[in-house]
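Encoded as structure tokens, the structure appears first; notes follow it.
Small disclaimer: the values here were computed from a predicted structure and weren't measured.
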Amino acid sequence: LVYLLPKENYVGTTSNLKNRLSVHKNKGRNTGGWIILAKFEVRAEALKLESFYHNIGYNGKHKYNVYK
């Protein structure tokens, strides 16, 4: 999944949204109003979309800051 936290201007990817939102909450991020932007079967496609959103100004960082 590629998801958006609108109040944080944050875009990320995950295969377990419930767990990922919990991690964000524990870090003090506002997870209210989250949106699923897209679902992909292939992880590389999700990373391409996430990278696109980061390039146009959304916050977020892929683990190790590497897109594969």
Side-chain angles (χ1 to χ4, degrees):
L1 298 174
V2 179
Y3 65 95
L4 168 67
L5 302 179
K7 296 176 182 177
E8 296 287 333
N9 197 44
Y10 183 98
V11 172
T13 60
T14 188
S15 59
N16 185 335
L17 186 59
K18 182 178 178 180
N19 182 60
R20 190 67 184 121
L21 290 174
S22 178
V23 170
H24 284 304
K25 285 180 186 178
N26 289 336
K27 290 183 177 182
R29 290 197 176 111
N30 185 336
T31 59
W34 58 267
I35 300 166
I36 295 175
L37 298 173
K39 296 179 183 181
F40 294 95
E41 294 294 322
V42 178
R43 184 172 185 265
E45 296 300 315
L47 293 176
K48 284 181 191 177
L49 183 60
E50 180 191 30
S51 178
F52 168 79
Y53 277 101
H54 294 168
N55 288 335
I56 64 171
Y58 284 87
N59 298 322
K61 185 189 291 188
H62 181 68
K63 189 175 183 179
Y64 308 120
N65 203 24
V66 175
Y67 293 94
K68 292 183 179 179

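Connection of Leu49 to Val11 is established within a shared hydrophobic cluster, with ILVMFWY side chains joined at heavy-atom distances below 4.5 Å, either directly or through further cluster members. Taking hydrophobic clusters as Ile, Leu, Val, Met, Phe, Trp and Tyr residues chained together by side-chain heavy-atom distances below 4.5 Å, Tyr53 does not share a cluster with Ile36. With hydrophobic clusters built from ILVMFWY side chains whose heavy atoms lie under 4.5 angstrom apart, Trp34 shares a cluster with Leu1. Residues Leu21 and Ile35 do not share a hydrophobic cluster, defined by chaining ILVMFWY side chains whose heavy atoms lie under 4.5 Å apart. Linking Ile, Leu, Val, Met, Phe, Trp and Tyr residues whenever their side-chain heavy atoms come within less than 4.5 Å places Leu37 and Ile56 in a single cluster.
A distance of 8.0 Å separates NE2 of His54 from CG of Asn59, quoted to the nearest 0.5 Å. To the nearest 0.5 Å, the span separating OG1 on Thr14 from CZ on Arg43 amounts to 10.0 Å.
Considering only heavy atoms from C-beta on, Thr13 comes within 4.5 Å of Leu47 through its side chain.
Nearest heavy-atom pair across Gly33 and Pro6 is O-CG, 3.2 Å. Of all heavy-atom pairs between Leu17 and Tyr3, the closest is CD1-CG, 3.9 Å.
More than 12 heavy atoms of other residues, nucleotides or ligands lie within 6.0 Å of CZ in Phe40, so this atom counts as buried by the packing criterion.
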- Message: side-chain contact (heavy atoms from CB on, under 4.5 Å) for Asn30 and Leu5? Distances and angles first, verdict last.
- Response: CA-CA 7 Å; Asn30 185 336; Leu5 302 179; over 6 Å; no
